[in-house]
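These notes are about the structure you will find just below.
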Amino acid sequence: MSIDFLNLGRVNAPYEPAIRDAIDRVLRSGYYILGQETAAFEQEFAHYCGVRHCIGVANGLDALHLILRGYDIGAGDEVIVPANTFIATWLAVSLVGARIVPVEPDESTWNIDPQRIEEAITPRTRAIMPVHLYGAPAQMDAIREIAQRHRLCVIEDAAQAHGARYGGRRAGGLGDAAGFSFYPGKNLGALGDGGAITTNDDELAERLRKLRNYGSSIKYQHDVAGVNSRLDEIQSAVLRVKLQHLDADNARRAAVAQAYREALADTPVELMRVPGGTESVWHLFVVRTPERDALRDYLTAHGIGTQIHYPLPCHRQEAFAGQDWPALPVTERLQAQILSLPMAPYLSVDDVAQVAAQVKAFFG
Ligand SMILES: *Cc1c(COP(=O)(O)O)cnc(C)c1O
């Protein structure tokens, strides 16, 4: 029996009837952009994250870059980002014309290292943009403390962390503002692109509501040169269905992760350390080994799908070539050794046992 890395049809199968009803409801309503479904989803997701505002946008990259625009961060400013992240975190900064300042991860948590953040701050630094990598919250107390001392914004990249908790509070409410993605493969995934911004900052929320909608809050009156980046009614209706089951889906992921951790305990693979007080939502289950490529080939040959998140670090991408990046040895070491095993709410304990058995067989 083979095990896919991820099968999105199986993720959504339990919700098919409810999703069909939701789509039918939108179809019949005659309202497809910025109607009741998006307004309702924004309210429900804000409540879920424990914040006052949620602003639906077209995707996660827009969520992040619009937050930067909302704070007037642009040319001449610097934004601190993790060196090991999906490229969207970096692109959000380059999109507004600010300078990307990459900071290395902690070697054990794989999340941005707060100590190194402090060393990267200059008089031009405006914001820190931590990523809750693979669903595990970054060290937000330390990050917030540094930000307060230097008067910086903290912008969470929460694209992999819907429902994750830090000190009892949800991702999305751990900084000044947060960007979420509802890309189909995320823990809360739409049937297409989608994104959202969460914040307790009333002024920022109002600016963002305009920015995402051509700079307008009154039809045909444009106060700023905004963009068209809206979460549509169909995606909102689908997300409302799936939000009701997010905690249950995340609990299933946690059970899969726990089963992996137990089964892999006596193998040489290293796992990310999840510090006390943080609750990961296991967007991915990533193992680390110097024999990554051989392990991946072995698992592929035995019918087990894997991925690498991400195979080429941002500073090595052609898109960011020719810039004077600092040496980032921790990031490069991680990138050469990480492997994502199958992770989804539908996986059974037997599936996990099968994957773990093949990992053990590889190491003999
Ligand atoms: C998916 C993702 C994004 C971007 O989301 P899109 O909706 O694909 O634009 C940003 N940051 C991280 C860490 C992500 O994983």
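Counting from 1, the numbers follow the sequence of the chain as shown. Counting starts at 1 for both ligands and their atoms, in listed order.
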Atom 13 (C) of ligand 1 has as its nearest protein heavy atom Asp157 OD2, 3.4 Å

Parallel, tilted or perpendicular for Tyr15 and His245, by the 30°/60° rule?
parallel

Answer yes or no: does atom CD of Gln323 have more than 12 heavy-atom neighbours from other residues, nucleotides or ligands under 6.0 Å?
yes

I'd like to check which ligand 1 atoms, numbered from 1 as shown, lie under 4.0 Å from a non-hydrogen atom of Leu61.
4 (C), 5 (O), 6 (P), 9 (O)

What protein heavy atom sits nearest atom 1 (C) of ligand 1, and how far off is it?
Lys186 NZ, 1.7 Å

Side chains of Thr306 and Arg296: donor-acceptor distance under 3.5 Å anywhere?
yes

Enumerate the salt bridge (charged side-chain N to carboxylate O under 4.0 Å, His left out) contacts for residues 328-349, please, sequence neighbours excluded, ordered by first and then second residue.
Glu107-Arg333, Arg316-Glu332

Based purely on interatomic distance, does Gly60 place a nitrogen or oxygen under 3.5 Å from a nitrogen or oxygen of ligand 1?
yes

Which one of Gly179, Ser181, Gly135, Ala161 has a non-hydrogen atom at the shortest distance from atom 5 (O) of ligand 1?
Ser181

Could you list which atoms of ligand 1 come closer than 4.0 Å to a heavy atom of Ala88?
3 (C), 4 (C), 10 (C)

Side-chain heavy atoms nearer than 4.5 Å, only ILVMFWY residues, links allowed to pass through others: does that put Ile55 and Leu231 together?
no

Quick check on the hydrophobic clustering: are Met129 and Tyr310 connected, directly or via other members, by side-chain heavy-atom contacts under 4.5 Å?
yes

Could you see which bit of Val131 sits under 4.0 Å from ligand 1, with heavy atoms only: side chain, backbone, both or neither?
side chain

Look only at interatomic distance and state if Asp193 has a nitrogen or oxygen under 3.5 Å from any nitrogen or oxygen of ligand 1.
no

Any non-hydrogen atom of His283 lying under 4.0 Å from ligand 1?
no

With only distance considered, is Gln160 within less than 3.5 Å of ligand 1 through an N or O on each side?
yes

Output every pair passing salt bridge (charged side-chain N to carboxylate O under 4.0 Å, His left out) with a member in residues 132-154, not counting sequence neighbours, ordered by first then second residue.
Glu118-Arg149, Asp141-Arg144, Glu145-Arg149

